[in-house]
Amino acid sequence: MLDIRFIRENPDTVKNACKVKGFEDHVDEILTLDTRVRELKTITQTKTAEKNKITREIPTAADKAPLIAESKKIGEEIAADLAELAEKEEKLNDLLHRVPQIPSPDAPIGADDSDNVEVRRVGEPTKFDFTPRAQWDLLDMNNWWLPEKIGQICGTRTYCLMGEAAELQLAIETYVIQKLISKGFTFIECPSITKPQTIFDAGHFMGSDLSVMNNDVFMLTDTDRCLAGTAEIILNSLHSGEILPENALPIKYAGFSPCFRKEAGAAGRDTRGLARFHQFNKVEQYIYCKPEQSDEMHEHILNNLCEVMEDLELPYRVIANSTGDMGFNKVKMNDVEAWVPSENAYKELGSCSSIGTFQARRTNTRYRENATGDVKFVATLNNTGIAVPRALVPVIENHQNADGSVNIPKKLQPLMGGRTKIGGKH
RNA sequence: GGAGACGUGGCAGAGUGGUUGAAUGCGCGCGACUCGAAAUCGUGUAUACAGGCAACUGUAUCAAGGGUUCAAAUCCCUUCGUCUCCGCCA
């Protein structure tokens, strides 16, 4: 959420953010409510101060009865104002949770992903001197998965890797985790079961009614828990309510967890292959930093993902997502897409986001400035480290050979027992 | 799942209805002493919101929420969390 003072002082900026991101504009209603709420606070606080003064005189007063009566009378007056205050504050709070984060001036303005802009392209689409196979053919012929059987057992949008593909997935996860550790990240394995409030605090949903997430989040029936869609959710709440020392920043976490998505809005999309599942694994980069460090950290975690692409020897490109595509809580967003030969297209493998202080306001995560002693909200950022099995798609397709075998990228070979190739007839 | 204990400031730890935003100790900041440091002494050390140009003032906060009362850290209820023992268990 945004600072109410910021909205008060920059209503036009906020209105514009609503417009370019495609969210309803509640600014005028917010400002009206805000004025009334502050009025009521002033009135009730003045009366409470008066009442406290009388209350303090009671223990030593010779005749207590008139003072008690007076105090009681003021108490009743306060109660009436308090009722209105509570109602107005609740309404204001709900509307404040519907105001989107202000997008960066650098972000392309646009309604949806068709307005995204390619920032850079690294490597060329892979050329083959044979007809390359699609991921599902490679998986079938190498006996690397069980699509029909697992569909019967576990339902749609589940997967099961076997043999060398399962090994490769584990190697990729381990590789990325170790890479991030070497760059100063703290490796942290996160729970997937969490409370709905933590998901809300990550700022992916609008308003203050938690039921809005039912469409996207798996709720665990008859419990107060749900399944987290990403480790970002847990990492975001890791320092909630804390005031961090300035020199602790930036804090860099490499979170690993199984991730759960309902994929309710994706019916019929990516139903074949390893691209989209209810459950997958993800290494997540998560940063807490000072707001002025945010751009630098954005480049840092974006570059980490680009390096991973290069270590996996994948042709890829970086996208600047448009204001309409970046989502409710983001300042700026860069997708990283890898080349997928079977689709003759670049496909998203990761998404790098600057959140500003938007999440920190929801979790109340702050730091104390050394020089001034001031307490300020931290900025947070997140990026994919690697998401599997989706990342296996470009890896096995781009590195395939005519016989259906797959070359292992050099950096992964030590984690694959020194093998340079898997699959094929051998 | 059963039984019990507990949740106070950065930490430790007093405090069971009335100037307690909270004793005391530790830590930390500043100052004095010192050539410098240690020790010692003095002094200071939460956050949010509202009002004010500001100095500052007010209100709230002793896990969270609600209740009783003129008055709640202190009494009652609910929730959350932590710990111990038993049971179960990868």
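Computation of the quantities below employed the complete heavy-atom set of this structure, encompassing side-chain atoms and omitting hydrogens, waters and symmetry-equivalent molecules. Numbers restart at 1 for each chain; the letters A, B, ... are given by sequence-line order, proteins then strands. Just so you know, these numbers come straight off a predicted model, no measurement behind them.
- Residue I58(A) contributes atom CD1, which lies 11 Å from atom P of rA72(B) at whole-angstrom precision.
- Residues L381(A) and S294(A) are in side-chain contact: their nearest non-hydrogen atoms beyond the backbone lie under 4.5 Å apart.
- Distances shorter than 4.0 Å separate none of the side-chain N or O atoms of R56(A) from OP1 or OP2 on rC70(B).
- For the residue pair Q359(A) and E232(A), a side-chain donor N or O sits within less than 3.5 Å of a side-chain acceptor on the partner.
- Aromatic ring centres of F328(A) and F23(A): separated by under 6.0 Å.
- Comparing rG7(B) with rG15(B), their P atoms are spaced 11 Å from each other, to the whole Å.
- Comparing the same atom, C1', in rC30(B) and in rA12(B) gives a spacing of 24 Å after rounding to whole Å.
- When the P atom of rC49(B) is taken as reference, atom CG of L85(A) falls 15 Å away, rounded to whole Å.
- For the OP1/OP2 pair of rA60(B) and a distance below 4.0 Å, the side-chain nitrogens and oxygens of N52(A) include at least one atom meeting the criterion.
- As rounded to whole Å, 9 Å separates atom P of rA50(B) from atom CD1 of I4(A).
- In this structure, CE on M333(A) lies 10.0 Å from CG on N383(A), to the nearest 0.5 angstrom.
- Between H97(A) and F200(A), the distance separating the two ring centers is shorter than 6.0 angstrom.
- Within 4.0 Å of R38(A), counting heavy atoms only, lie sugar-phosphate atoms of the nucleic acid but no base atom.
- Taking atom P in both rA37(B) and rC28(B), the straight-line distance is 15 Å, to the nearest Å.
- OP1 or OP2 of rC70(B) sits under 4.0 Å from a side-chain N or O of K72(A).
- Looking at which nucleotide of RNA chain B each of K64(A) and A49(A) is closest to, the 5′-most match is held by K64(A).
- Among the protein residues, T48(A) comes within range of the sugar-phosphate backbone only, with heavy atoms under 4.0 Å from sugar or phosphate atoms but none that close to a base.
- When the side-chain nitrogen and oxygen atoms of K51(A) are compared with OP1 and OP2 of rA71(B), one or more of them lie within a distance under 4.0 Å.
- Among the protein residues, L67(A) comes within range of no part of the nucleic acid, since none of its heavy atoms lies under 4.0 Å from any strand.
- Taking atom P on both rC56(B) and rC11(B), the two are 27 Å apart, rounded to the nearest angstrom.
- Remark: the separation of the C1' atoms in rG44(B) and rU34(B) is 22 Å, to the nearest Å.
- Nucleic acid contact class of K195(A) (heavy atoms, under 4.0 Å, all strands): sugar-phosphate only.
- Taking side-chain N and O atoms only, R368(A) has no distance below 4.0 Å to OP1 or OP2 of rG10(B).
- Side-chain N/O atoms of R8(A) include one lying less than 4.0 angstrom from OP1 or OP2 on rA50(B).
- Taking the P atom of each, rU47(B) and rA22(B) are spaced 15 Å apart, rounded to whole Å.
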